[in-house]
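Just below is one structure, and these are the notes that go with it.
The model shown is predicted, which means the values in this text are computed figures rather than measured ones.
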Amino acid sequence: MKNKKKIIIGSIVLIALAIAAFVLMKDNDAIVIEAQTITAKKANVTTMVTATGTMEPITQVEVGTQVSGVVEKIYVDYNSVVTEGQLIAELDKTNLNAAKTQAQAVYDNAVSQRNYTQTIYDRQKTLYDNQVISKSDFDDAAFNYQTAKGTVTQRYSDLQCFDPYKTRVIF
């Protein structure tokens with residue numbers, strides 16, 4: 001019982017000390033909230049919007065090209081408004097001109113080869129019609145001539161890839 005009595009007295013003393021500390025530490029200055037009113041009048045209104053984050057364009061268009069190379073001139077800036085058909089960039093033509101010259105030379109060689117095989121074919125046809133050469137020799141000449149014609153067509157197609165407008169990027 002003695003222990004219970006000590007515990008109860010100790011608890012009462014602790015509670016009394018806590019209440020005394022609370023009362024002594026309490027600030028006596030109360031916070032006063034005061035409302036003010038003023039008369040409304042006409043003035044300029046300023047609108048300001050603040051935001052954080054990344055700005056993104058409303059519409060973004062991916063522009064691609066079949067010709068690659070170093071860009072020589074750019075006529076628009078990022079986020080510029082562009083219209084359909086507007087020139088937006090030009091590529092450096094140095095490498096393209098060299099490639100075009102090479103393609104022209106390959107085409108010219110193919111034409112020469114075709115003309116040469118046509119001459120042989122015409123000669124072999126005359127000889128075959130006069131039954132001077134075998135069918136096998138004539139077939140070889142015909143095959144070589146047809147192959148040369150196909151090569152000319154292919155080389156002409158390669159040459160057409162070097163259109164000067166292909167170095168321009170148009171929206």
Quiz prompt | Under 3.5 Å donor-acceptor, Gln86 side chain and Thr83 backbone | solution = yes

Donor-acceptor under 3.5 Å (Thr147 side chain, Phe143 main chain): yes

In this structure, CG of Asp139 is separated from CG of Asn144 (nearest 0.5 Å) by 11.0 Å

>> Can you confirm whether Ile88 sits close enough to Val82 that some side-chain heavy atom of one is under 4.5 Å from a side-chain heavy atom of the other?
In response: yes

Rounding to 0.5 Å, atoms CG (Asp122) and OG1 (Thr117) come to a distance of 9.5 Å

Those residues at least two apart in sequence (or on a different chain) that pass salt bridge (Lys or Arg N to Asp or Glu O under 4.0 Å) with Arg114 are none

CD (Glu72) with more than 12 external heavy atoms under 6.0 Å
yes

Treating Ser80 as the side-chain partner and Val76 as the backbone partner, does any N or O pair qualify as donor plus acceptor under 3.5 Å?
no

Here the gap from Thr101 atom OG1 to Leu159 atom CG, rounded to the nearest 0.5 Å, amounts to 10.0 Å

Members sharing Tyr145's hydrophobic cluster, built from side-chain contacts under 4.5 Å between Ile, Leu, Val, Met, Phe, Trp and Tyr, are Tyr121, Leu127, Tyr128, Val132, Ile133, Phe138

Output for pair (Ile120 CD1, Gln118 CD), nearest 0.5 Å, gives 11.0 Å

Tell me, do Arg155 and Val111 make a side-chain contact under 4.5 Å, heavy atoms counted? no

Side chain proximity check, Lys6 to Ile9, heavy atoms < 4.5 angstrom: no

inquiry  = Can you confirm whether Lys73 sits close enough to Tyr75 that some side-chain heavy atom of one is under 4.5 Å from a side-chain heavy atom of the other?
reply    = yes

| request: Return yes if a side-chain donor-acceptor contact under 3.5 Å exists between Gln104 and Asp108, otherwise no. | output: yes

Taken to the nearest 0.5 Å, the spacing of Asp158 CG from Gln102 CD works out to 10.5 Å

Checking Asp137 against Gln124 for the side chain to side chain contact (heavy atoms under 4.5 Å, CB included) test, could you report, in this order, the C-alpha distance in whole Å, the side-chain angles of both residues, the deciding distance, and whether it holds?
CA-CA 8 Å; Asp137 289 341; Gln124 296 288 54; 4.3 Å; yes

Shortest non-hydrogen pair, Thr151 vs Ala110, comes out as CG2-CB, 4.0 Å

Find out whether Ser157 and Thr153 are in side-chain contact, i.e. whether some heavy atom of one side chain is under 4.5 Å from a heavy atom of the other. no

